[in-house]
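Working notes, structure below.
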Amino acid sequence: MVKPYIDAFMRIWWLAVRPTRGRTALALRTAIISMVAVLIGEIWQLPMVSLLTLTLAALWQGNRVANMKVSVLFVVFFTIVTAALYLGLKTTINNFLATLIFNLCLSFIFFFLSTTSILGMISVIGGLVLSYMLVSLDNMQVGDSIMRMVLSAWRVFLTVAGLLAFVGSWLAPSPEHTLVDQIVERLNLAAKCLARRGSGQPIPQAWQDAVMDTVGEGVSGMFGALGLAGMEHRWNADDLSALRRAALNSFGILQLVEQCLKPSGRISEEDCTYLAGRLEEMAECFVSDRRPTSIEETHVCSGAISQEMERLLCDFAQPMTAEEAQLPSSKPAAPAKKPGFFLPGAFTDKEHIRYAVKGTVSVCLAIITYKMLNWQGVHTCIITCFIVSLPTMGAVLDKQRLRICGALIGCSMAMGIITWIMPHMTNIAQLLLAVGIVIFFGAWVKAGDQRISYMGLQIIVAFSLSDLAKFVPTTDLTVPRDRIIGILIGLGISFVVHTVFWPRSAMTGALQKLKALDGLLAEDVTGWNHDQRMLQAAKVQEAASGAMSQLRQAMIEPAYMRPTQHRMRQYILFLRRAAMNASCLFGTVAASHQKKVIRLGHILKGEETASLKEGGSL
């Protein structure tokens, strides 16, 4: 009876602590940039030092080009917002009702932009910062003090953008470096699994889960990093072509390794040992920045799967241009449009308006509750409404659970520092060290799997709001206590609003992804080459992983919103069959295997039946 719960806890624990290449470095950079922000805030006596820290932790990217893009958007957006804030406060000063209406108008705009524009998280951060500012400014009676606070807030925004741009360009690695790290991580993971199988030892379940999760990521993220690397204009076309080939072939090798994890995967121990050594050599080649230029073709392996992996290893030296990384299409391609500020369907989909209305209502209720309680310490209820507001009920419930866990951990760490460490602090260096250690821990969790990363951000948020509330070290335990109470109030308000007003199930998005996956599986790939088949397999894996993520969120929704258990099993069976079918799309494996098209309609009609334990990358 207890074993399923123990297994679930161990899986969550592994997601939180799984060591991946570059994860420690990313967490360390986040801690350093946050320590620099705290130091600047303490020296200049900037308002909202806690919000300054959590903003940097939320917006910090893994490479310098992405940080530069975020900083530019941040400066332009918040310059416009600060000007609007100045005009709004000038007309609503000392009028609570007018200030509330102005706050809600801004909140609606921020919620709307978060789902319809390229701002995304920047808009959410802007909403929670400015809402907290407006609530705090309402207590001021002198107009000059209010205007000074607005200008100080703009200086905070410029400080965030400056740290992201200048410190980020020096501290963060290039996109090319992060892409190489991903390639090396995949090669090392494949080598470890093959080496264990070659020695006759069982492969740990954590490694199998890591293979399945990595295969589900496909190649879109790596190709995106390749595009950012091209924006630097530091790498020639040959380097980018070599990295594009390495990214695609590393996915193909890991996809084949996943087949070896199954009992039906036929591969000899000798082939496993040989391929593991070749993969380790290839990984070391990328680590030492010696990309393979020529590889001698060898034919040592005997099985179909091992021969295909051997072919992919030999093809690592072959360049791959951007034109070759395109799939053939039966329809004439429409002229590509330059991406704009707003995303497609921003003004035609009513769900964006409904989401903005739900978020605004939750913020309104949080502000009214905060004012009625007259309790300064529970202002986190307003921030919570921005952080946990999401378009679907399943996503809201998922984020609420992670926020509760992260807030409890963050506030517990804050209480521990207040109790045992703060009384012994004598200078700012000790405070920075304590802040850096806690933020490093939260950033480590945030840099992990996307199913658990949100909890890491909440650890940073709860700790920052508790121990960085003033310009002096916090010595009162009521501060983290009040932050927890405010978070619980905000979670309760968000849950009620998203349940009562236009509740939207995660199954809506899941069904769209299932239909898109069904269309991918129905495409005829008979005349495609090896690279196109691998690209198609990557798209299938990404679509199946995205649909499964939506189904996980739908499973925690109320019973009246989610499908029946039988229908949910059919969806999961289709996703696992689709993931298994993706591995039969390329190479000699596809040539020797008669591909059977798995369609969603066949499974829903009961024409396809199998056990959910049959395997797959989900």
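Hydrogens, waters and symmetry mates are skipped; everything else that's a heavy atom, side chains included, is used. All residue numbers refer to positions in the sequence shown, counting from 1.
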Does NZ or CZ of Arg23 come closer than 6.0 Å to the centre of the six-membered ring of Trp444, within 45° of the ring's axis? yes
Any Thr30 side-chain heavy atom under 4.5 Å of Phe440 side chain: no
Kindly indicate, with the supporting measurements, whether the criterion side chain to side chain contact (heavy atoms under 4.5 Å, CB included) is fulfilled by Lys69 and Met231. CA-CA 11 Å; Lys69 292 177 64 176; Met231 296 174 62; 4.2 Å; yes
Determine whether Arg64 and Glu232 make a side-chain contact, defined as any pair of heavy atoms from C-beta on separated by less than 4.5 Å. yes
Lys513 NZ: over 12 foreign heavy atoms closer than 6.0 Å: no
Under the side chain to side chain contact (heavy atoms under 4.5 Å, CB included) criterion, do Asp271 and Met309 qualify, and how do the steps go? CA-CA 10 Å; Asp271 289 348; Met309 277 194 276; over 6 Å; no
Heavy atoms, side chains only, cut-off 4.5 Å: are Leu119 and Phe341 in contact? yes
What distance separates Leu275 CG from Gln307 CD, expressed to the nearest 0.5 Å? 10.5 Å
Shortest non-hydrogen contact between Arg311 and Asp315, atoms and distance: NH1-OD2, 2.8 Å
Is any side-chain heavy atom of Tyr274 less than 4.5 Å from a side-chain heavy atom of Glu310? yes
Is the CD atom of Gln565 crowded by more than 12 outside heavy atoms at less than 6.0 Å? no
Return the CD to CG distance between Glu185 and Leu254, rounded to the nearest 0.5 Å. 9.5 Å
Shortest non-hydrogen contact between Arg196 and Pro202, atoms and distance: NH2-O, 2.9 Å
If you measure from the Lys or Arg side-chain nitrogens to the Asp or Glu carboxylate oxygens, is any gap between Glu542 and Lys539 under 4.0 Å? no
In this structure, OG1 of Thr214 is separated from CD of Glu258 (nearest 0.5 Å) by 10.0 Å
Looking at every heavy atom in both Gln61 and Asn67, which two are closest together, and how far apart are they? N-OD1, 2.9 Å
Nearest-0.5 Å distance, CZ of residue Arg552 to CG of residue Asp398: 10.0 Å
Check: Thr508 and Thr392 side chains under 4.5 Å, non-hydrogen atoms: no
Which is it for Val184 and Glu284 under the side chain to side chain contact (heavy atoms under 4.5 Å, CB included) test, yes or no, and what are the steps along the way? CA-CA 8 Å; Val184 171; Glu284 288 296 330; over 6 Å; no
From Gln182 CD over to Leu226 CG, what is the distance, rounded to the nearest 0.5 angstrom? 10.5 Å
Looking at every heavy atom in both Glu557 and Ser505, which two are closest together, and how far apart are they? OE1-OG, 2.6 Å
Could you check Leu73, Leu56, Val72 and say which one makes a side-chain contact (heavy atoms from CB on, under 4.5 Å) with Leu164? Leu56
Shortest non-hydrogen contact from Ala543 to Leu520? CB-CD1, 4.1 Å
Got Met393 and Ile556 here, is their nearest side-chain heavy-atom distance under 4.5 Å? no
First locate atom OG1 of Thr115, then atom CG of Leu390, and finally report the distance between them rounded to the nearest 0.5 Å. 10.5 Å
Where is the tightest heavy-atom contact between Ala165 and Ser71, given as atom of each residue plus distance? CB-OG, 3.5 Å
Less than 3.5 Å apart, any donor N or O on the side chain of Gln570 or Arg567 sitting next to an acceptor on the other? yes
Whether the side chain of Thr273 engages the backbone of Glu269 through a donor-acceptor N/O pair (distance < 3.5 Å, no angle test) should be reported. yes
Paired with Asp531, the side chain to side chain donor-acceptor pair (under 3.5 Å) test is passed by just one of Gln318, Arg244, Arg245, namely Arg245
Test item: Ser545 side-chain N/O and Gln541 main-chain N/O as donor-acceptor pair under 3.5 Å: no
Pairwise side-chain contact, Pro391 with Glu351, heavy-atom cut-off 4.5 Å (strictly under): no
Ignoring hydrogens and angles, tell me if any N or O in the side chain of Gln532 forms a donor-acceptor pair with the backbone of Asn529 under 3.5 Å. yes
Report the C-alpha separation of Glu217 and Arg186 in whole Å, then their side-chain angles, then the decisive distance to 0.1 Å, and conclude whether the side chain to side chain contact (heavy atoms under 4.5 Å, CB included) test is met. CA-CA 11 Å; Glu217 296 174 3; Arg186 298 187 178 206; 3.6 Å; yes
Is the shortest heavy-atom distance from the side chain of Leu26 to the side chain of Trp60 under 4.5 Å? yes
